[in-house]
There are 6 protein chains.
Amino acid sequence: MFYAEKRLQFPVRVDKPNPVFARALQQAIGGVEGEIRVMMQYLFQAWGARGPMKYRDMLLNTGTEEIGHIEMLSTAVALNLEKAPLSFQEEVGANPIAGAVLGGMNLRHILSTGLGALPENSNGVPFNASHVYASGNLAADMYANVAAESTGRVLACRLYEMTDDPGMKEMLSFLIARDTMHQQQWLAVIEDLGGVETQLPMPNTFPQEKEDNRFSYAYFVHDRTQVVPEGRWTQGPSIDGKGEFSAMMSEPLGDVPMLAPARLDGFAQRGQMSADPAQSAQMSAGQQTGLPSSPAGVL
Amino acid sequence: MFYAEKRLQFPVRVDKPNPVFARALQQAIGGVEGEIRVMMQYLFQAWGARGPMKYRDMLLNTGTEEIGHIEMLSTAVALNLEKAPLSFQEEVGANPIAGAVLGGMNLRHILSTGLGALPENSNGVPFNASHVYASGNLAADMYANVAAESTGRVLACRLYEMTDDPGMKEMLSFLIARDTMHQQQWLAVIEDLGGVETQLPMPNTFPQEKEDNRFSYAYFVHDRTQVVPEGRWTQGPSIDGKGEFSAMMSEPLGDVPMLAPARLDGFAQRGQMSADPAQSAQMSAGQQTGLPSSPAGVL
Amino acid sequence: MFYAEKRLQFPVRVDKPNPVFARALQQAIGGVEGEIRVMMQYLFQAWGARGPMKYRDMLLNTGTEEIGHIEMLSTAVALNLEKAPLSFQEEVGANPIAGAVLGGMNLRHILSTGLGALPENSNGVPFNASHVYASGNLAADMYANVAAESTGRVLACRLYEMTDDPGMKEMLSFLIARDTMHQQQWLAVIEDLGGVETQLPMPNTFPQEKEDNRFSYAYFVHDRTQVVPEGRWTQGPSIDGKGEFSAMMSEPLGDVPMLAPARLDGFAQRGQMSADPAQSAQMSAGQQTGLPSSPAGVL
Amino acid sequence: MFYAEKRLQFPVRVDKPNPVFARALQQAIGGVEGEIRVMMQYLFQAWGARGPMKYRDMLLNTGTEEIGHIEMLSTAVALNLEKAPLSFQEEVGANPIAGAVLGGMNLRHILSTGLGALPENSNGVPFNASHVYASGNLAADMYANVAAESTGRVLACRLYEMTDDPGMKEMLSFLIARDTMHQQQWLAVIEDLGGVETQLPMPNTFPQEKEDNRFSYAYFVHDRTQVVPEGRWTQGPSIDGKGEFSAMMSEPLGDVPMLAPARLDGFAQRGQMSADPAQSAQMSAGQQTGLPSSPAGVL
Amino acid sequence: MFYAEKRLQFPVRVDKPNPVFARALQQAIGGVEGEIRVMMQYLFQAWGARGPMKYRDMLLNTGTEEIGHIEMLSTAVALNLEKAPLSFQEEVGANPIAGAVLGGMNLRHILSTGLGALPENSNGVPFNASHVYASGNLAADMYANVAAESTGRVLACRLYEMTDDPGMKEMLSFLIARDTMHQQQWLAVIEDLGGVETQLPMPNTFPQEKEDNRFSYAYFVHDRTQVVPEGRWTQGPSIDGKGEFSAMMSEPLGDVPMLAPARLDGFAQRGQMSADPAQSAQMSAGQQTGLPSSPAGVL
Amino acid sequence: MFYAEKRLQFPVRVDKPNPVFARALQQAIGGVEGEIRVMMQYLFQAWGARGPMKYRDMLLNTGTEEIGHIEMLSTAVALNLEKAPLSFQEEVGANPIAGAVLGGMNLRHILSTGLGALPENSNGVPFNASHVYASGNLAADMYANVAAESTGRVLACRLYEMTDDPGMKEMLSFLIARDTMHQQQWLAVIEDLGGVETQLPMPNTFPQEKEDNRFSYAYFVHDRTQVVPEGRWTQGPSIDGKGEFSAMMSEPLGDVPMLAPARLDGFAQRGQMSADPAQSAQMSAGQQTGLPSSPAGVL
């Protein structure tokens, strides 16, 4: 269960309110890289955790921290909205040559909240909880968490760059530091579990002899002109140390799929019923020669 | 640009059609761990790639492979739907004691597609493209890709376990192998870039002296009873080799947030207008003693 | 900022795991009547609160309580999923005549979480944060909260009725009691502000002489046959004591709307360009007599 | 069934088209506080109404009125879009110093509708019908309706404030009056049913002896520092007259949740399988002393 | 503006309530092929109609009819839910061998509505108003309407086939007839405008000399093996009579895209900054020979 | 399965980057009229195709072409974002009088992608795969495709009009030409199947004697004042040649719907339980005379 403290985890100060920056900050609240997502992701991972309790506890701890980050950012949004123009007259009065602030705002900051934050991203799209990954597989979840904190820190750096408000920069420098820690925290769990090599492939509980091992370490080339982008992924030992990377031209191993004809009681169109797919496959083979190409030369 | 081949990348065969398994397979098509997501994620990462071209090419290649996986799975869904009951009469006729097949199906497989696949998950929720991560930061994207392939392989293993159809197991053993490769492929890019240590924290282009370094390697404890879940994340060198992990009780560093009173033209309620937040903060301090607790003893 | 306690707010015990009931419980987690919604709603109302601090504090308090309710329900879901069938073979083995459990489950409980809860409703639809109402108007928000707790308690009662598990009934009897309290808590705020009459109409800060007072207390009849559903809303003093209810047949006070013809650069179809709407309005008047009716008599 | 009238319920006139205001008006069409929502909410409540027919009839009536409000607002959007810039050249030609109109518009007003309204909110997010509350419990529904009309009237007042167009102000003064009526109409139903006290707690058909009455009128304090926000909700008789409000420090009544270890066939990671949660709970107890706090003094 | 009639447009009778069929019927209410969609689509087309008023009037008329279809279907859902099992005990009592009804239901029919309809599809996904097409181009809209009525009639036929309830079949035979009419009604508008040939390509107001006419009537082959699916679309006069269909192998006319390197202030990863894309393009050319193919022969 | 080519299908060149136009272009990527939609729609139609193989092949071909269109547009977005302002300082520096560019952008182009495209529309709403129509009925699908290409071409023409960049106009002139072809391609399939007349009503496999033929060719008038919008749809032979259009005043053929009273175990409110709907219907009949109308004269 949970407790609150009325004070914020870190000071939030806005020297020069900017309602368009308020809209930008929403990405860190309700965006896919934002704090609602990590809060819910870590908490749901904790609540579904099976296995050693220390991982559950750690997830619960850090999920709880993230609630306070949403609080800081929501406060920052509200402070950036102080003095926002609420009408077209007001905006023109303040700045006769522009008129751009109102148009650049999240209008729900005026219309729906009366100058408060929303659980939405910077384009006004509400957070959707399908972004909460809690797979029941600890290693997979840790990588999902690293991904969240990586894109999250990229976002925080871009917000830091976007603003010139000292208070906002200070708050963001704190959040960026926390993202630094959290990236490493989730990778530390991978080490705690025995290191990357032992964790791959995830899940490491599926008997690998049941997978089609001919293709487990092969980089497939789907370039029609067969050019191979060379790199660490086409040669040398695999990351899990169990195979050798190679490159391979991907060719169809299967056939043309054959579905049964449409059923009478399925209400396809008449022409679809009687068809014998095998026959029509033949019909469809068509000609294969003499096709003109699209006229590149003309360009 | 793109080309197709009418044949499938790998054979898809269903020995014993199972329309409830068709519903389950949808998770691998339109679920957040599924193939539409990785297809679009890799392609959008390729199309927005800035920097060395080899990464763009690789992403384009593998994104192209994934289109073919959607095709395989869509074929598998259609084949599992052959002979599905289309009416309550039919179902009862086939199986007088059950009646459970129709109720367990994705009803849109009957009503909306006439026995074909949908870009939806196993609960019938359509794929939402907000799940496509293409951050412009190569390392962050690679971890998003590892996360996708990890949860994707966990999903494929669970589908393998769920079915007893030899054809489906064979198809899934191929897809599981490809997920094995792709997990390592994205980690190989991290190596190709110089290894994990050099990539952290992501982005590694933000000057770290600008972040609040007091908190960059500290594990914050938000447990009211101050218990610390010990592990690799509370001690020892940080994963990036630039700091030392520690544990720290998280205490509020900020104040109680103070928003301006509601504006006259913002249409709050009358009681909200006149308030002097500082004063009411005081008012709100209330008493702090003698509170009864919830009666745990009674239970 | 926030703290956690590893223990639950109230005991959660499942005597007889039921994976279909696990799916039903999801409605109380991620449904529109559920706990994620109220948690976020109360917290965002707190974070955007302007005016007397005591309301902010109270919202923060109760929002914090709700996080713990999500935790209880998520634990209940996980416990109901212990022993769920993970494959078609397993299910048939356990219960040769049914086969209905797997089909009746949220398949993501198997495929996506490995037997844990999700931030989704009972149909597997993820929570969407557009349901978080925080209008900046305290009275309007209180009614939104009453609505949430009313539909929430109705839901909890239905879940109580649905299950026959004593542990689940005990947990739900606690949650139902909390909903009882919270319904009254939000209505108590209305009293605290001076009572319903003083709060109406919401917002009570818009000068009422600016609204079109001819229609402020009139019940409009839109029944073609002019039957009036009589009740408290058609007669007697209005609830705010400022008017008298009446019933009135609603007749069009406006004209047929006239939009300008389509612009040349807007790419309508040719027939739409040249039209003079006024003229075509006339054209469209058509005949108004002698229409046959749909043949009710035939039925 | 339904009939239309070509004329509008109330005159809609735009003196000075403003395409950014057209975007703002969308909130009243497709926003969560908007008219599509109430139209569908009242109609679905009518169509599912069980019990006295007069409530069904009233809901049907008012739901029908709301369709006409969508029509008025859609007409207002179209009229505000007359003369909108359709290209960057046009905009710069009209107003060499600004360029802000196009950027501040809902671009779909140009690209998708050719200067007509959309069922979207002011940020361009389409209406989602999960906002339609029709619980089958009349009192709960009435509060949901009050909430909709309260946030709806707040929105209409903010739109009134935002615009300086006399025609738009006139239309909004009508809609504000209708919201005044509808707020009271739904509260009048509560009176019609016997008054608030008899309706609480909703549903009033669940036997209250089955709820955990120790907690039915207790305000739970989740403030770590145990400060109580005093108000009507911590003392005096409860609103339903059946209890006495009190305040209580919320303490955990449950234990640390114990889930079974991960199953072999669920594809968690190896470290999660063997764990004995009870043991690891102990392991996780960790130390509980000597933790440094986050360095508030430094700030 | 709008008026209602308490009676239904057509009789709705359920002889044998079936709660799983209630779930199926939801597709016709809130599915993409359903009645909410066409209701809103026709009404928004009417409200944004520019040009001859007769089209606006017709759209308004038929949109109004569709509201009544939602009402009929919602009534049908409620009637199919009479006697639905509300608890696991009840279900087992009624039918000791099954237990499948509750699992096959839309659980929100019990939990959220108390046995009433929802604006959702047959999988419980709420209607999303992005499906409302009102493009401002009359011909394009008519084809969107034909598409809606075609998939709608296919759906209604499948529901007719699914049920064995005489009352439901009668109601569906009416709705199927209306879909028959509406398909032809929208095509009649195309005729009214001058016939298909004159309407193509839509919009017919864009000067066709501005499009790249080399490709306006060419069927592009993207089959790697250059097989052409022959049909009416590869030969003969085009449908608009302005060109001649041909088939053409699609070849890349553009170059490899070259984006600028990542900017320093955009927070990509270090390896992405310094890159000269042109150079790395060369680097990436890689080898183009001797690649092994995926081992088809082995299969 | 699929192959890629690194070169683009058609040259993409941006002479004068415009980040607001980048936002507009997103509509053609992730909007409902955009390329992700048609790509997925044609491919899912192909993968579920039953009947003659030539239609499957054609759909696969054209679906594959569309992937390349997404690629072109994504490249165009990235090129339009080169030199976008990333901070408020930068923007003001570049253009002291405006400040409108940042506010008019999709902020995720800065914050989430680092100047790359997203699978979103021009308002930042992510693509939702519910827009993929693949009904299993070939003719219905072809009309869905015509609708997509019609609204798609309208969109492309509007984008062409909006921009003054020669490179962008060239790219769009290509895409417009392809839309021309694709509109006709899908109509050519209708001809290939035998022509419109034979395909109607869709599906043409439902025995028409089972539909309620009294209403199959009747235009229903729902105008309260009984005005008929005359046109091709009220007279003359029906489009399928099987009937004669007529106009008919729509009257209720059904009764007032009667649902059973609320059940005791469904947790409605007390007043809803005891009601005898038939009786209350009578009660609700109310008076039907002397109602004042809304005071139109006053206006």
Side-chain angles (χ1 to χ4, degrees), chain D residues 1-7 9-11 47-58 85-90 92 96-108 110-112 114 118 120 123-126 135-142 192-194 198-199 202-206, chain F residues 18 20-21 23-24 26-28 31-33 97-101 103-105 121-125 151 154-155 158-159 161-164 222-225 227 250-252 254 256-257 259-264 266-275 277 279-284 286 294 299:
Chain D
M1 69 175 296
F2 297 83
Y3 294 88
E5 237 301 345
K6 291 199 283 187
R7 289 169 294 164
Q9 191 188 15
F10 194 84
W47 295 331
R50 296 173 185 276
M53 196 65 93
K54 67 177 171 177
Y55 301 122
R56 179 189 186 278
D57 294 351
M58 180 195 61
L86 298 190
S87 70
F88 292 99
Q89 306 94 295
E90 185 182 1
V92 171
I97 54 170
V101 173
L102 236 160
M105 288 179 67
N106 176 327
L107 287 182
R108 294 194 70 205
I110 298 174
L111 299 173
S112 295
L118 281 158
E120 295 185 349
N123 288 333
V125 177
S135 71
N137 181 292
L138 187 57
D141 284 357
M142 288 308 107
D192 204 85
L193 286 165
T198 69
Q199 297 307 301
M202 294 166 276
N204 62 6
T205 44
F206 184 79
Chain F
N18 179 341
V20 179
F21 191 61
R23 173 179 151 220
Q26 287 286 157
Q27 190 68 25
V32 298
E33 314 91 348
I97 52 170
V101 173
M105 288 179 66
N121 77 3
S122 62
N123 287 333
V125 178
T151 53
V154 169
L155 167 62
R158 287 170 179 161
L159 288 166
E161 175 71 17
M162 185 180 274
T163 185
D164 57 352
H222 285 260
D223 185 316
R224 186 176 65 140
T225 60
V227 174
S250 188
E251 290 294 341
V256 178
L259 306 186
R263 289 165 56 165
L264 279 170
F267 303 111
Q269 211 66 352
R270 238 174 254 136
Q272 298 176 262
M273 297 297 170
S274 48
Q279 181 186 21
S280 54
Q282 206 171 14
M283 281 164 48
S284 144
S294 45
L299 291 168

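Chain letters run A, B, ... following the sequence lines, proteins first and then strands; every chain starts at 1. Note that these values count all heavy atoms, side chains included, but never hydrogens, waters or copies made by symmetry.
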Output the distance between atom CZ (F:Arg158) and atom CG (D:Leu107), rounded to the nearest 0.5 Å.
12.5 Å
Look only at the side chain of D:Arg50 and the backbone of F:Ala260, and say whether a donor-acceptor pair between them is shorter than 3.5 Å.
yes
Using non-hydrogen atoms and a 4.5 Å limit, figure out which bit of D:Tyr55 sits close to chain F: side chain, backbone, both or neither.
neither
Identify which part of D:Met105 has an atom lying under 4.5 Å from any heavy atom of chain F, answering side chain, backbone, both or neither.
backbone
Assert top hit (heavy-atom pairs under 4.5 Å, partner chain F, pool D:Ala140, D:Gly104, D:Ser112, D:Gly194) equals D:Ser112
In terms of heavy-atom proximity below 4.5 Å to chain F, should D:Pro126 be classed as side chain, backbone, both, or neither?
side chain
What option among F:Thr151, F:Asp164, F:Asn18, F:Asn123 has the most heavy-atom pairs under 4.5 Å with chain D?
F:Asn123
Backbone N or O of D:Gly136 within a donor-acceptor pair of the F:Gln272 side chain at under 3.5 Å?
yes
Chain D heavy atoms under 4.5 Å from F:Thr163: which part of the residue, side chain, backbone, both or neither?
backbone
Parallel, tilted or perpendicular: ring planes of D:Tyr3 versus F:His222, cut at 30 and 60 degrees:
tilted
Sorted by chain and number, sequence neighbours left out, salt bridge (charged side-chain N to carboxylate O under 4.0 Å, His left out) with F:Arg23 holds for none
Interchain contact, F:Val20 with chain D, by part (heavy-atom threshold 4.5 Å):
both
What residues form a side-chain contact (heavy atoms from CB on, under 4.5 Å) with D:Ala139, not counting sequence neighbours?
D:Asn137, D:Ile190, D:Gln199, D:Met202, F:Gln269
